[in-house]
Amino acid sequence: MLFAGLGFITVQAAASDSPSLQTSKNQINHQKLNPFTTLSGTEEQVTVTVRRRNEPLQKVPIATSVFTAKEAARNNVHDLQGIFQFIPSANFRTSASSKDRTIFIRGIGTISTSPGVEPSVSTVVDGVVLARSGQATADLLDLDHLEVLRGPQGTLFGKNASAGAINIVTAAPTEAFHAHADASYFSGDEYRLSAGASGTLIPSKLTANGSFLVGGYTGNVRNVYNSETVNGYQHRGARTKLAWTPDDQTRVSLGLDYMYSNDAVPNGVFSSTSHVAYPTGTVTNNAALAQALSAEGINPSSNNTRVSNNTLSKSIDHNGGASITLDRKFGAYTLTSISAYRRWQNTQDQDYDQLSQPSPSLPQLADHGWLDFWQASQEVRIASPKGHFFDYVGGLYYLHTSDSETYDRSLQPYGGTSTSGHANFGTTGNNYAAFAEGNLNFTKNFRAILGLRLLRDDLDYRFNRTSTSATAVTGIRPDYSSNGSTAHNGYVDRIGLQYDINHNIHTYFTYSHGYKGPAYNVFFNMQNTDSKSLRPEQNNSFEIGLKSQFLHRRIIANFAAFIEDFSNYQANFLDTVAGATVTRLINAGTVSSKGVEGDITARPFRYLTVGSNFAYTYATVDHFNCPAGAPLSCNVNGQPLPFAPRWKFVLNADYTRPLNDRFTLSLDSDYTWQSRTQYSLTETPDTIQKAYGIWNMSTTIEDRKHRLRLTLIMRNAINTHYASYMGYGSLGGVVNWLPRDYGRYGGFTLHKDF
């Protein structure tokens with residue numbers, strides 16, 4: 001069950017307020033408890049690190065959702081795409097390649113395959129910021145919990161958090177020995193095997209944990225060309241942490257992780273061979289495409305699950321890194337240093353034409369891309385003690401990124417001469433920042449919030465494309481070379497007031513200025529108009545919130561209302577190259593998002609917990625800057641932003657009770673619903689997903705004597721079909737991307753503790 005402001009208790013060691021690191025070390029032995037459990041007469045609270053120190057979630061002046069490892073296992077979701085189904089304010093754009101996948105919060109996100117642009121939503125894993133969106137799409141091995149911070153978070157999480165931040169916390173080592181093993185199997189031949197152990201290596205000095213994962217899924221799309229099933233995956237990974245505490249004042253943690261992903265995601269499943277123009281509604285049929293698909297046995301429709309591809313579309317990723325975190329107490333102050341290195345390699349193949357045979361009007365095109373990206377970062381921050389008039393967290397940050405890519409596209413026309421294009425390109429970036437955020441405690445119950453981040457961006461790009469054709473052909477522009485650099489100084493800030501009406505009711509108001517750095521549209525079909533850098537994206541945001549709890553925390557109700565205005569919004573817009581669809585990254589103009597969010601959890605009876613989480617998001621284009629030569633209408637002012645359903649809510653219920661001294665039974669159910677969602681900035685009617693709802697169920701029986709737990713899971717019980725993304729086919733028509741729960745499926749998870 002999702003608790004946005006409530007959840008299974010997870011206490012994380014961080015730059016804390018504890019009197020010594022011995023306390024933090026003991027906190028590593030975290031427990032997962034019922035939210036209403038009483039310990040020594042004191043009811044536990046959810047503790048998060050959304051302001052870079054341990055704080056009760058109910059007292060943090062930030063709208064936050066928390067999703068735990070237990071919820072992930074119970075719903076068979078292990079990546080951000082799956083988890084965001086249960087976060088009303090968050091959405092996810094999938095794609096055939098991890099390079100193109102995007103996170104949205106409150107309708108704001110950045111869609112681009114370019115290495116010269118950063119995301120609007122920052123993803124942080126154990127304190128380390130991931131610079132590229134594609135790094136955040138990997139399987140979340142050994143997850144402890146995940147925090148979704150809604151709205152600008154740039155003061156403490158960086159410049160690429162103008163729309164929000166995803167703070168991922170993985171399991172910490174424990175002093176007491178503990179080992180576990182998990183085995184899952186679901187219809188569609190999906191399996192997941194994982195195991196791990198944690199404990200003390202040197203008493204009172206060194207603890208460690210380690211885990212590994214093997215998982216796979218055949219898929220739910222049929223490729224009739226070779227009679228194989230696609231839209232599945234193969235994942236392999238491992239993660240370890242070591243925590244060294246030489247004394248009560250010092251703790252050093254080393255984290256290592258690696259994940260291999262092979263996602264056989266097709267480049268769309270045809271739902272239509274026509275195109276509906278906006279705003280006229282004119283329907284243009286593509287007779288050549290309809291004939292080609294018919295000849296290959298494909299019937300385009302909203303229920304189509306078949307493709308005919310002679311190139312196997314897949315995305316192979318190697319994601320990994322290392323980090324060293326040092327926490328050192330200096331009296332009542334805590335100094336934290338995080339040194340990190342991460343590397344991401346991606347190889348992708350795509351059937352660009354989405355057909356298996358050329359025709360007189362539709363050529364064959366195949367893509368192959370390779371990416372090598374690495375980043376190195378250093379953060380140093382200090383946390384003051386709490387309880388004084390001014391308490392704060394402040395520090396310095398540096399990030400260096402380096403990207404190198406190649407991309408090849410081959411064209412084989414019907415009965416004609418083949419053409420190929422080859423591009424080498426990359427970027428180098430540096431970010432320098434000084435930041436601080438703190439509270440002015442006027443009274444015990446009334447305080448001001450002040451935060452500021454000063455930063456500088458340096459960004460360089462290089463690009464070279466060669467083509468065997470001197471003129472533009474389908475999907476391939478002629479030779480072109482370019483390079484450039486830009487630098488920009490910026491700032492983000494947060495100003496607010498917080499008032500505690502009483503111990504259980506807290507209110508706040510904040511104003512934030514967000515900033516996302518300059519960008520370059522560096523991609524295979526780059527041309528001279530892309531050589532000019534995009535202006536930094538900036539926003540002004542206002543949020544008012546209420547966090548409350550009643551009846552000894554048997555009822556928790558949190559609400560937030562917000563207004564966010566963005567200028568120089570960086571977005572992708574459709575373009576064409578000799579009849580083939582491509583996209584262009586542009587400063588699209590001004591957009592805004594406003595709405596209300598609510599998170600309510602109640603325990604009406606001893607064993608029953610129910611919850612309701614909702615988001616009303618009115619995210620629209622205020623003024624669109626039409627790019628020169630745009631092939632489609634730019635009259636989109638007042639229209640909704642992509643991936644921003646007006647309404648989205650999650651209803652859930654959990655009934656857990658002991659059957660006797662040995663066995664415990666849990667019954668869980670949740671229902672998610674979202675209103676119609678536009679998937680394209682072109683506002684075309686045939687890229688709109690109609691409103692839909694998904695009902696999930698699970699049953700768990702736990703044998704405490706043998707430390708064994710069996711969970712039976714059914715996803716999408718009412719067999720609702722929907723598309724997680726819709727777009728235009730490269731040579732025409734409309735294509736859908738099908739999620740894992742496109743149809744009903746079920747299975748089990750077996751967990752054993754040792």
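This chain uses plain numbering: 1 for the first residue, then up along the sequence.
Residues that satisfy the salt bridge (Lys or Arg N to Asp or Glu O under 4.0 Å) test with R447, not counting sequence neighbours, are D500. Judged as a salt bridge (Lys or Arg N to Asp or Glu O under 4.0 Å), and not counting sequence neighbours, the contacts of K241 are D126. Residues that satisfy the salt bridge (Lys or Arg N to Asp or Glu O under 4.0 Å) test with E597, not counting sequence neighbours, are R106, R150.
Ion pairing between R453 and D493 fails under the 4.0 Å rule for side-chain N and carboxylate O. We find that E55 and K59 are not joined by a salt bridge, their nearest charged nitrogen and carboxylate oxygen being 4.0 Å or further apart. Note on E118 versus K159: salt bridge recorded, some NZ/NE/NH1/NH2 to OD/OE distance being below 4.0 Å. A salt bridge links D257 with R342; the closest basic N to acidic carboxylate O contact falls under 4.0 Å. Ion pairing between E379 and R381 holds under the 4.0 Å rule for side-chain N and carboxylate O.
Residue T590 comes nearest to S567 through the heavy atom pair CG2-CA, 4.1 Å, listed as atom of the first residue, atom of the second, then distance.
If you check the side chains of D565 and N540, you find no donor sitting under 3.5 Å from an acceptor. No side-chain donor-acceptor contact under 3.5 Å links E537 and N587. Y398 and N430 share a side-chain donor-acceptor pair at under 3.5 Å. With no hydrogens or angles considered, a side-chain donor-acceptor pair links D327 and T336 at under 3.5 Å. A side-chain donor from one of Q378 and S337 sits under 3.5 Å from a side-chain acceptor of the other. Side chain to side chain, K329 and T334 meet the donor-acceptor criterion of an N or O pair below 3.5 Å. D457 and Y515 are linked by a side-chain donor-acceptor pair at a separation below 3.5 angstrom, with hydrogens and angles left out of the test. With 3.5 Å as the limit, one finds no donor-acceptor pair spanning the side chains of N445 and T443.
Here the options are F649, F86, F614, the test is ring-ring contact (aromatic ring centres under 6.0 Å, His included), and the partner is W673; only F649 passes.
Using bins of under 30°, 30° to 60° and over 60° for the plane-to-plane angle, the ring pair Y618/Y616 lands in the parallel bin.
A 4.5 Å side-chain heavy-atom check between T325 and V252 finds every atom pair outside the cut-off.
Taking the six-membered ring for Trp and the full ring otherwise, Y491 and H513 have centroids separated by under 6.0 Å.
Looking at R51, its side chain never comes within 3.5 Å of a backbone N or O of E437 through a donor-acceptor pair.
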